[in-house]
Asker: 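To start, I am sharing the structure in question, which I have written as structure tokens.
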Amino acid sequence: MSTLAHTMMTASRPADSGLAGPGELDRYPYAEAPGADRVGVPSWESADTDLGRMGRRSAGSRGRGLHGQLVQQLGQMIVSGDLGADRPLVPEEIGQRFEVSRTVVRESLRVLEAKGLVSARPNVGTRVRPVSDWNLLDPDIIEWRAFGPQRDDQRRELGELRWMIEPLAARLAAGHGREDLQQRLGDMVEIMGHALTQGDSLTFSRADSEFHSLLIQLAGNRMLEHLSGIVSAALQVSGGPITGCDRPTEAALVHHSRTVDALAAGDAPAAEAAMRQLLTVHPEVERVVPAPREH
């Protein structure tokens with residue numbers, strides 16, 4: 001066993017893994033901020049009652065600073081629809097509602113603008129942009145959608161995207177003799193097997209995420225490699241049995257192992273087939289993405 005595998009097996013769990021389990025869609029424990037009951041800016045305390053409620057939430061449990069917390073809160077509000085398209089965002093009002101400085105507000109809006117969620121124009125100000133302008137491949141937006149009202153659509157879309165990406169990556173990876181990466185893939189399977197026997201779903205999930213990221217790297221396609229972060233995000237926010245990776249099972253372990261064996265043998269069709277089987281362990285996927293017809 002490599003040092004990496006031993007380290008992952010023996011690493012202690014943090015108090016908050018950040019990974020959602022079954023029924024944990026609202027996984028951020030919020031607390032009422034000081035002075036939450038005071039009268040705020042009318043624009044934020046209007047008929048949008050949910051908007052005012054969410055504005056008082058705190059994401060401090062995620063260990064983010066003020067800037068990160070504000071990005072998280074505003075991002076969730078936009079993606080959930082509480083801040084609808086073309087809604088004006090006035091920095092002064094945001095600063096008063098969340099009790100943060102103008103600098104924090106300004107930097108947070110810049111981050112959201114980079115994600116395509118808002119736009120800032122002279123004489124118009126900052127406004128929420130329509131969904132068609134969002135960077136839907138951004139890991140934060142994937143997370144916000146997955147834990148909001150659009151979670152079912154997000155899970156389905158992620159499952160479809162993975163079904164298109166990963167079998168191809170497995171086929172391409174079989175043509176590359178990167179023994180170092182193949183060894184690490186084998187280590188991840190060993191870790192998952194150990195975690196399965198111990199009932200350690202957290203370690204299983206971490207090793208699983210690493211496995212799929214390594215597989216895409218092994219494909220040797222730089223453009224494809226840029227999608228590895230999307231696959232990792234999909235694994236962390238799936239929230240339900242969309243693929244065989246979502247729960248530690250013997251079937252998932254077997255298909256991971258078969259993929260590694262096919263890669264080691266340089267058998268591209270077998271590697272692709274093993275990955276397709278892994279992603280269709282659960283019947284839900286077969287209804288979302290039908291298997292290709294046999295000719």
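Everything numeric in this text was worked out from a predicted model, so none of it was measured.
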Asker: Verify the distance criterion only: is there a donor paired with an acceptor across the side chains of D200 and H194 at less than 3.5 Å?
Answerer: no
Asker: Between A174 and A268, which heavy-atom pair has the shortest distance, and what is it?
Answerer: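 A174 and A268 have their closest heavy atoms at CB-CA, 3.5 Å.
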Asker: Does this structure show an ion pair linking R276 with E272, if we count only N-O contacts that are shorter than 4.0 Å?
Answerer: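 Yes, R276 and E272 are salt-bridged.
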Asker: Examine distances only and state if a side-chain atom of R151 and a backbone atom of G148 form a donor-acceptor pair shorter than 3.5 Å.
Answerer: yes
Asker: Is there a side-chain contact between V260 and F211, using heavy atoms and a 4.5 Å cut-off?
Answerer: yes
Asker: If the condition is salt bridge (Lys or Arg N to Asp or Glu O under 4.0 Å), which residues does D267 pass it with, not counting sequence neighbours?
Answerer: none
Asker: Are side-chain heavy atoms of L185 and M188 found at a separation under 4.5 Å?
Answerer: no
Asker: Any donor-acceptor pair under 3.5 Å linking the side-chain atoms of W144 with those of Q72?
Answerer: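 Looking only at side-chain atoms, W144 and Q72 do form a donor-acceptor pair, the distance falling under 3.5 Å.
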Asker: Let me confirm one number: the CZ-CD1 distance from R162 to I216, rounded to the nearest 0.5 Å.
Answerer: 8.5 Å
Asker: Does the side chain of F98 reach to within under 4.5 Å of the side chain of L66, using non-hydrogen atoms?
Answerer: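 The answer is no; the side chains never approach within 4.5 Å.
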Asker: So do Q277 and R258 actually touch side chain to side chain, heavy atoms under 4.5 Å?
Answerer: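 Answer yes - side chains close enough.
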Asker: With a 4.5 Å cut-off on side-chain heavy atoms, are D140 and K115 touching?
Answerer: yes
Asker: Please evaluate residues W163 and T280 with respect to the criterion side-chain contact (heavy atoms from CB on, under 4.5 Å), reporting the C-alpha separation (whole Å), side-chain torsions for both, the decisive distance (0.1 Å), and the verdict.
Answerer: CA-CA 9 Å; W163 211 89; T280 55; 3.0 Å; yes
Asker: Quick one: does any side-chain atom of S80 pair with a main-chain N or O of M77 as donor and acceptor, under 3.5 Å?
Answerer: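 Between the backbone of M77 and the side chain of S80 there is a qualifying donor-acceptor contact (under 3.5 Å).
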Asker: Backbone N or O of L253 within a donor-acceptor pair of the S257 side chain at under 3.5 Å?
Answerer: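 Looks like no, no N/O pair under 3.5 Å.
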Asker: Whether R222 and E225 form a salt bridge (side-chain N of Lys/Arg under 4.0 Å from carboxylate O of Asp/Glu) is what I want to check.
Answerer: no
Asker: Nearest heavy-atom pair of A219 and L172: which atoms, and what distance?
Answerer: O-CB, 3.7 Å
Asker: Tell me, do P91 and R106 make a side-chain contact under 4.5 Å, heavy atoms counted?
Answerer: no
Asker: Does a side-chain heavy-atom distance below 4.5 Å link E157 with R145?
Answerer: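 A side-chain contact under 4.5 Å exists here.
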Asker: Taking all non-hydrogen atoms of both residues into account, name the closest pair between A85 and P130 and its distance.
Answerer: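 Reported closest heavy-atom pair: CB-CA, 4.0 Å.
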Asker: Could you state the interatomic distance from NE2 (H256) to CD (E190), rounded to the nearest 0.5 Å?
Answerer: 14.5 Å
Asker: Could you walk me through whether R127 and V118 pass the side-chain contact (heavy atoms from CB on, under 4.5 Å) check?
Answerer: CA-CA 5 Å; R127 291 182 176 271; V118 304; over 6 Å; no
Asker: For I191 and R206, run side-chain contact (heavy atoms from CB on, under 4.5 Å): C-alpha distance rounded to whole Å, both residues' side-chain angles, the deciding distance at 0.1 Å, then the answer.
Answerer: CA-CA 9 Å; I191 292 169; R206 287 175 171 169; over 6 Å; no
Asker: Which residue, L181, D187, D180, forms the side-chain contact (heavy atoms from CB on, under 4.5 Å) with L214?
Answerer: L181
Asker: Can you confirm whether L218 sits close enough to L263 that some side-chain heavy atom of one is under 4.5 Å from a side-chain heavy atom of the other?
Answerer: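 Heavy-atom side-chain distance check passes, below 4.5 Å.
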Asker: What distance do L224 atom CG and L215 atom CG have between them, rounded to the nearest 0.5 Å?
Answerer: 9.0 Å
Asker: I need the minimum non-hydrogen distance between D82 and R87, along with the two atoms involved.
Answerer: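 The answer is O-NH1, 4.3 Å.
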Asker: Quick one: CG on D138 to CG on L117, what's the gap to the nearest 0.5 Å?
Answerer: 7.5 Å
Asker: Rounded to the nearest 0.5 Å, what separation is found between the CZ atom of R97 and the CG atom of L74?
Answerer: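 Reported value, rounded in 0.5 Å steps: 12.0 Å.
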Asker: Would R156 and D153 pass as an ion pair if we require N to O under 4.0 Å?
Answerer: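 A salt bridge is present here (some side-chain N lies under 4.0 Å from a carboxylate O).
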Asker: State, to 0.1 Å, how close T259 and A274 come at their nearest heavy-atom pair, and which atoms those are.
Answerer: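 For T259 versus A274, the nearest heavy atoms are OG1-CB, 3.4 Å.
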Asker: Locate the shortest heavy-atom distance separating A170 from M275; write the atom from each residue and the value.
Answerer: CB-CB, 4.0 Å
Asker: Please walk me through it: do M164 and L161 pass side-chain contact (heavy atoms from CB on, under 4.5 Å)?
Answerer: CA-CA 5 Å; M164 290 185 286; L161 187 61; 4.1 Å; yes
Asker: With sequence neighbours left out, write down each residue that passes salt bridge (Lys or Arg N to Asp or Glu O under 4.0 Å) with R129, or none if nothing qualifies.
Answerer: D133
Asker: Are F204 and V254 connected into the same hydrophobic cluster when the rule is that any two of I, L, V, M, F, W, Y join if their side-chain heavy atoms are below 4.5 Å apart?
Answerer: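 V254 does not cluster with F204.
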Asker: Using the rule side-chain contact (heavy atoms from CB on, under 4.5 Å), only one of V71, L109, L70, I94 pairs with V104; which is it?
Answerer: L70
Asker: Please round to the nearest 0.5 Å and tell me the distance separating atom CD of E160 and atom CD1 of I165.
Answerer: 12.0 Å
Asker: I'd like to know if the side chain of Q150 and the backbone of V79 have a donor-acceptor N/O pair within less than 3.5 Å.
Answerer: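 Yes, the answer is positive, given that a donor and an acceptor are paired below the 3.5 Å cut-off.
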